[in-house]
Amino acid sequence: MITLELSGVNKIYSGAYQNQVLFDINLSFEAKTCSAIVGESGSGKSTLMNIMGILDTPTSGEVTIASNIVSSMNRKQMAEIRNRTIGFVFQFHYLLPEFTVLENVLIPHLIHNRSQSGQVLNRARNLLDIVGIAKLEKRLPTQISGGEQQRTAIARALMNNPSIILADEPTGNLDSVTTQNVCRLFGEIKKEFNTTFIVVTHDRTVASHTDRIVEVRDGRIISDKLNTKIVPQTR
Ligand SMILES: Nc1ncnc2c1ncn2[C@@H]1O[C@H](COP(=O)(O)OP(=O)(O)OP(=O)(O)O)[C@@H](O)[C@H]1O
Ligand SMILES: [Mg+2]
């Protein structure tokens, strides 16, 4: 089943001068797969991710998420589907500094609900347990390590049980052991929650853990290959 599809997507940033950064992108992502997007700095990867996550709109072309055509939605509907379907993990994880680890994980829930039930609290705690930092729930982001902050961000991305996780350089500032752990964690999450992962990375270790590698150059897809180096996972 296709969960996310881009067809004929172009992106032109207009300002003092026009800058086309994506050219006729056609991509579709099967549910429950993990894809890497690779390419040089400035090639358009983050722009592509922002469009896939409905954080930005294409200049032309169509984005379809879980059978919903994004261009036919109003802002409220877009926010709703974004919150319900997509979890984001960014390189700089944007945890809120004055909130604890547990509160940060609860934020996606609190955006649309004023309070949290015991059940919701249990889910947040369970997610912290899955990412291995249950003991740190009362700490502030400044009181934990970079890798632990990253894992908090992953738990937060999972809070609303999204069908798609978009991760932009999720291991960008992590050492190689922590990077391996994040990759393993993504694999476990995929198995347990049937999540679709799309991960921008410049890290070969991360890319080698995915099912598919899409390469972007100067705003165009220049290669799109199944990753044959790994043992295929059962879907
Ligand atoms: N708001 C903007 N206005 C104009 N140009 C932009 C804007 N945002 C990005 N760009 C340009 O679009 C191109 C693609 O940027 P993008 O951030 O998608 O690259 P990237 O592949 O994610 O790079 P990196 O690996 O460095 O993060 C770059 O040339 C960049 O300068
Ligand atoms: Mg980028």
Side-chain angles (χ1 to χ4, degrees), residues 3-29 33-65 70-71 75 78-79 82 85-95 146-147 149-154 156-157 162 164-176 178-180 182-183 185-186 195-225 227:
T3 182
L4 194 154
E5 186 162 27
L6 304 179
S7 62
V9 163
N10 292 288
K11 180 66 181 180
I12 302 170
Y13 286 114
S14 48
Y17 59 96
Q18 293 230 324
N19 184 14
Q20 179 156 7
V21 299
L22 293 178
F23 298 83
D24 191 31
I25 303 287
N26 296 288
L27 276 176
S28 54
F29 297 91
T33 56
C34 183
S35 306
I37 297 189
V38 300
E40 285 176 10
S41 176
S43 56
K45 305 179 302 291
S46 293
T47 305
L48 190 60
M49 291 295 266
N50 290 342
I51 289 172
M52 294 197 283
I54 340 182
L55 295 170
D56 195 2
T57 49
T59 309
S60 61
E62 202 60 82
V63 180
T64 310
I65 296 177
V70 173
S71 65
R75 285 194 164 275
M78 285 184 196
R82 188 193 308 127
T85 320
I86 303 168
F88 295 95
V89 183
F90 296 105
Q91 175 173 9
F92 304 105
H93 15 74
Y94 304 115
L95 298 176
Q149 290 176 25
Q150 195 61 279
R151 285 187 269 164
T152 306
I154 293 167
R156 178 184 59 184
I164 303 167
I165 294 227
L166 299 177
D168 196 345
E169 297 281 10
T171 59
N173 48 6
L174 302 179
D175 61 60
S176 61
T178 316
T179 297
Q180 290 271 13
V182 169
C183 288
L185 183 62
F186 281 1
T195 317
T196 306
F197 278 90
I198 303 172
V199 185
V200 167
T201 186
H202 67 266
D203 190 320
R204 284 175 193 279
T205 317
V206 179
S208 70
H209 279 78
T210 59
D211 306 318
R212 171 185 177 191
I213 301 178
V214 177
E215 188 174 354
V216 182
R217 185 182 295 161
D218 297 333
R220 294 181 167 88
I221 308 293
I222 58 157
S223 99
D224 187 346
K225 291 184 186 139
N227 193 358

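Whatever order the structure lists them in is the order used to number ligands and atoms, beginning at 1.
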Report yes or no: does S46 have an N/O/S atom closer than 2.8 Å to the Mg ion (ligand 2)?
yes
Contacting atoms of ligand 1, where contact means under 4.0 angstrom from a heavy atom of N19
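Near N19, the atoms of ligand 1 are 5 (N), 11 (C).
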Only heavy atoms of S46, strictly under 4.0 Å: list the atoms of ligand 1 that pass.
17 (O), 18 (O), 20 (P), 22 (O), 27 (O)
Run the side chain to side chain contact (heavy atoms under 4.5 Å, CB included) check on S35 and T210 step by step: do they pass?
CA-CA 5 Å; S35 306; T210 59; 5.8 Å; no
May I ask you to identify the nearest protein heavy atom to [atom], giving residue, atom name and distance to one decimal place in Å?
atom: atom 25 (O) of ligand 1; answer: K45 NZ, 2.7 Å
atom: atom 9 (C) of ligand 1; answer: Y13 CE1, 3.5 Å
atom: atom 13 (C) of ligand 1; answer: V21 CG1, 3.4 Å
atom: atom 26 (O) of ligand 1; answer: S41 OG, 2.6 Å

Side chain to side chain contact (heavy atoms under 4.5 Å, CB included) assessment of F29 paired with I65
CA-CA 10 Å; F29 297 91; I65 296 177; over 6 Å; no
Checking the side chain of T59 only, and the main-chain atoms of I12 only, is there a donor and an acceptor separated by less than 3.5 Å?
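Judged by distance alone, yes, a pair lies under 3.5 Å.
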I'd like to know if the side chain of N227 reaches the main chain of A207, judged simply by a donor and an acceptor atom lying under 3.5 Å from each other, with no hydrogens or angles considered.
yes
Give a yes or no on whether a salt bridge exists between D24 and R220, defined as a side-chain N under 4.0 angstrom from a carboxylate O.
no
Ring geometry between F88 and F90 (parallel below 30°, tilted from 30 to 60°, perpendicular above 60°):
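Plane angle under 30°, so parallel.
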Quick one: does [X] get an N or O within less than 3.5 Å of an N or O on ligand 1?
X: S43; value: yes
X: G42; value: yes
X: G44; value: yes

For Q20, look at atom CD and say whether over 12 heavy atoms of other residues, nucleotides or ligands are found less than 6.0 Å away.
yes
Around atom CG of D224, are there more than 12 heavy atoms of other residues, nucleotides or ligands at under 6.0 Å?
yes
Establish whether atom 28 (C) of ligand 1 and some protein heavy atom are separated by less than 4.0 angstrom.
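Protein heavy atoms within 4.0 Å of atom 28 (C) of ligand 1 - there is at least one.
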Would you say atom 17 (O) of ligand 1 makes contact with the protein, given that contact here means a non-hydrogen protein atom less than 4.0 Å away?
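Yes; the ligand atom in question has protein heavy-atom contact below 4.0 Å.
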About how many Å separate OG1 of T57 and CD1 of I51, when rounded to the nearest 0.5 Å?
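Taking CD1 in I51 and OG1 in T57, the distance rounds to 7.5 Å.
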Ligand 1 versus T47: contacting region, heavy-atom distance under 4.0 Å
both
Any atom of ligand 1 sitting under 4.0 Å from a heavy atom of E40?
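E40: in contact with ligand 1 (<4.0 Å).
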